[in-house]
Amino acid sequence: MLIRDYIKELILESINSCHKNGILPIFEIDQIEVERPQNTDNGDFAVSLPLKLTKVLKSNPLEIANTLTTYIDNEKANIVFDKILVAPPGFINFYLSQNWVQKQLEEILKSGKDYGNITKINPKNIQIEFVSVNPTGPLHVGHARGAVLGSSLASIIQASGDIVSKEYYINDAGNQIDLFVQSVYSKYSTLIGHEYPMPENGYMGDYIEDIAQEIHDENNSRKLNEKEIKPIALDKMLSNIRLDLLNLNVEFDNWFSEKSLFTSGEFDDTMNQFKKDQHSFSENNAIWFKATDFGEEKDHVLIRTNLEPTYYATDIAYHRNKFLIRKYDKVIDIWGADHHGHISRLKSALEAIGVDRSKLNILLYQLVSLKQGDDKVRASKRAGTIITTNELVEEVGSDACRYFFISRSPDSHMDFDIDLAQKKSSDNPVFYIQYAHARAFSILKSAADEGIKSNKGNIALLGNEHEINLLKKFTELSEIIQISADRYEPHHLAKYSLELATLFHLFYQNCRVIDEKQSNEISSTRLKLVGGFITVIGKCLDLMGMSKPESM
RNA sequence: GCCCCAGUAGCUCAGUGGAUCAGAGCAUCGGACUUCUAAUCCGUGUGUCGUGGGUUCGAGUCCCACCUGGGGUACCA
C-alpha cells in the first residue's frame, strides 16, 4: 500500500472517530491531499487538510489539526511513523520511522524486479497506440520522441497495475502511400531505362532511390510494373521503420493494418452505422459526418467526391475497432501536437457510434525542432531535410536518446541541438545514472572476491544520514510510478532516477562497504543496501527502456 | 479571428494551491584520486517565475486580459 493512501486512511478514520465522539460536526470531505514537504524538517509527508477545513468548520486550523492528530489511531500509525506533529499554520506532519524504513530494504530484496509495482484489484485493459507513422519515409527525431514516450509510458502503466497492449497503426492505404509508391517507381523506371515522371509533391529523399535500387538489384532479370512494386516498396519501408524502432529499444505487441479495415468490411459497417443513425449526409457528391450535432464547429467529410475515404473516416473505423470490436476499457493515443485539431472531432465521431468519448485519451507531445548552431532546421520528409531517428541513435546511442526524450515533459517544446548530440558528450545525465549502477556492481564484485556475504547483514545498523536518505528514496518508487502513469508523464521517473543516483554516489563517497577497518557485519549490511539500490535503479532503467551496465 | 502548448538562473529544463518554494543539471572558477570505478565528490552565485489585474488565510501553480514564440484551424495525414 502506498504511504499516501495509508495516511489518507489514518486521517479519514480520525475524522470518523471525531464525528462519533461528537468532537467535530459532520462535514463533507472530497479529497485529502498528501504532500511531500520540500524541507524534511517538516516531515516526510504532510497534510494541509485543516487549513482547507477552516471555512467549513469556522474554526482555527491549528485547533482542527490538533483534534485530528489526537484522534489518529496510534497503534496503526506507529507501524510506519515515528511521530506525527502539528505545525503552524495548520499542517499535520508525518515522520517515517527509521525502523519501518529499514524494513523496506528486506521488501525490496524480496520483491526484486517487481518492487514498486502496484497491484490493482480491477486492472483495466488499456491499449496504447503510438508512432503509427505512414510507411512513406524513415522516422525522424520527432517520431523518436513519440516512440520513446509511448514505450516508456506503456511499461510504467503496466507497473501501475493495468494490462497494456502496444500498437502501431500502419497507414497502408490512401493517397500518401500512392505518392510514395509512384516516387519509388519513378526512380526505379530510370534504372530500367523507362521514363516515369516524379509525381507532383512526390517524396524526394535519398531513401527513395535506395529502395528503388534495392528492388532493381533483387529483380535483375525482370522489369516490374508499378503494381508489382507497391507491396515490395511498402514492405521495405516498414522493415526499415521496424528496425529503427528496435534500435531505439521500442517494440510493439501488435501492428494493425489500415487496409484490413476494408477487407474485413469494418469500414463499411462503420459508414453504414453513421447512415443508419442519420449522423451522415450527402452533399456535393461527398458523404459528411454531421459533426455539428456533437458540438463541432463544422461538419467533416467522410467520403470524398472521388469516392476515396478520408483519413478521418478510416481513423473512426479504426477506433471503432478498438472499442467496439476489441473492447478496450481505455485507449491512449500518442500524437504530435500538430494533430491536435483532430482530437475533438475524433471523439465526437466516437460518441456518434456509441463510444464514451472519455475512454479515448490523447497524449500530445510538443514538436521537436532541430537546431544547428544558431540555425533552426525545419524537418520535412518530402524535401528530404530530415534528421532520422537512426542518425540520432548512431550519434548519441539509444540510452542517451531515450533519457533525453523521457526527461522532458511532453508539453515542453524541444529544440534538438544537433551539435550537442554529435559531441557524444558526457554532459548527459544518462551516464551519471548508469555509472551509479555500474559502481554498485563493482562493489558486489569486490565483495564476492573478499568473501563478504550480504545475508549476514543487520538492517538495524543502517542509520547514518546517507544510508537513511537512500532507503527513504527507495520507498518513493511506487509513488513515482503512480504519478507518471496517472498523468502520462514519464519525466517524473527520469528525475527520480537522477536523484536516486545522486544519493548513491553520495553514499559511495561517504560510506565504505568493504573496509578492513570495520566489522564484517557493517560490510554485509551495506552490501544489502547496495543490492537494494541495484534493484531500484534497475527498475527505473527498465521502465525507461535503458540498459543496465554492470561495468563502464 | 478561433483552439492548443510554452515563457522560471548565462543555457537546458523540474516544480501535485501550501510552510525556507525560488529548484536541478550544465556552463564558470577553486579543491579532493596509494581508495569498493574521479563518467565521482566538496565548495563557489545567479532570479521583477513574460506583463497587468483578480480569487484565496496562502498563487510560479487557479481565473481574466494582454505580450512573445511554436503548432493547429483541408474533400492532406
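Letters A, B, ... are given to chains in the order of the sequence lines, protein chains preceding strands, and every chain is numbered from 1. What you see below is based on every heavy atom in this structure, not just the backbone, and it leaves out hydrogens, waters and symmetry mates. No experiment lies behind these values; they were computed from the predicted model shown.
- When the C1' atom of B/G72 is taken as reference, atom CD of A/Glu296 falls 14 Å away, rounded to whole Å.
- At a threshold of 4.0 angstrom between heavy atoms, the contacts of A/Ala447 with the nucleic acid are absent.
- Judged by distance alone, with hydrogens and angles left aside, A/Thr305 brings a side-chain donor or acceptor within reach of the base of B/C75, the pair sitting under 3.5 Å.
- Of the nucleotides present, B/A65 is the one that pairs with B/U51 by Watson-Crick or G-U wobble criteria, both distances under 3.5 Å.
- The base of B/C41 has none of its N or O atoms less than 3.5 Å from a complementary donor or acceptor on the side chain of A/His505.
- A donor-acceptor contact closer than 3.5 angstrom is absent between the side chains of A/His437 and A/Gln434.
- The listed nucleotides are B/G18, B/U35, B/A38; the one nearest the side chain of A/Arg512 is B/U35.
- Nucleotides B/G54 and B/G17 place their P atoms 23 Å apart, quoted to the nearest Å.
- Taking the C1' atoms as reference points, B/C36 lies 32 Å from B/U28, given to the whole Å.
- With hydrogens and angles ignored, a donor-acceptor pair under 3.5 angstrom links the side chain of A/Asn93 to the base of B/A19.
- A cation-pi geometry, defined here as NZ or CZ lying under 6.0 Å from the six-membered ring centre and within 45° of its normal, does not hold between A/Arg402 and A/Phe405.
- Of all non-hydrogen atoms in A/Asp44 and A/Lys472, the two that sit nearest each other are OD1-NZ, 3.0 Å.
- Among the nucleotides B/U16, B/A14, B/G71, the one closest to any side-chain atom of A/Lys495 is B/A14.
- Figure legend. B/A24 is base-paired to B/U12; pairs are counted as Watson-Crick or G-U wobble with both atom distances under 3.5 Å.
- Nearest to the side chain of A/Asn42, among B/A6, B/A19, B/A77, sits B/A19.
- Donor-acceptor pairing under 3.5 Å, judged by distance alone, is absent between the side chain of A/His342 and the base of B/G72.
- With both pairing distances under 3.5 Å, B/G1 is matched to B/U73 as a Watson-Crick or G-U wobble pair.
- Pair assignment for B/U44: none, as no Watson-Crick or G-U wobble contacts are both less than 3.5 Å.
- Between B/U8 and B/U68, the two C1' atoms lie 16 Å apart (nearest whole Å).
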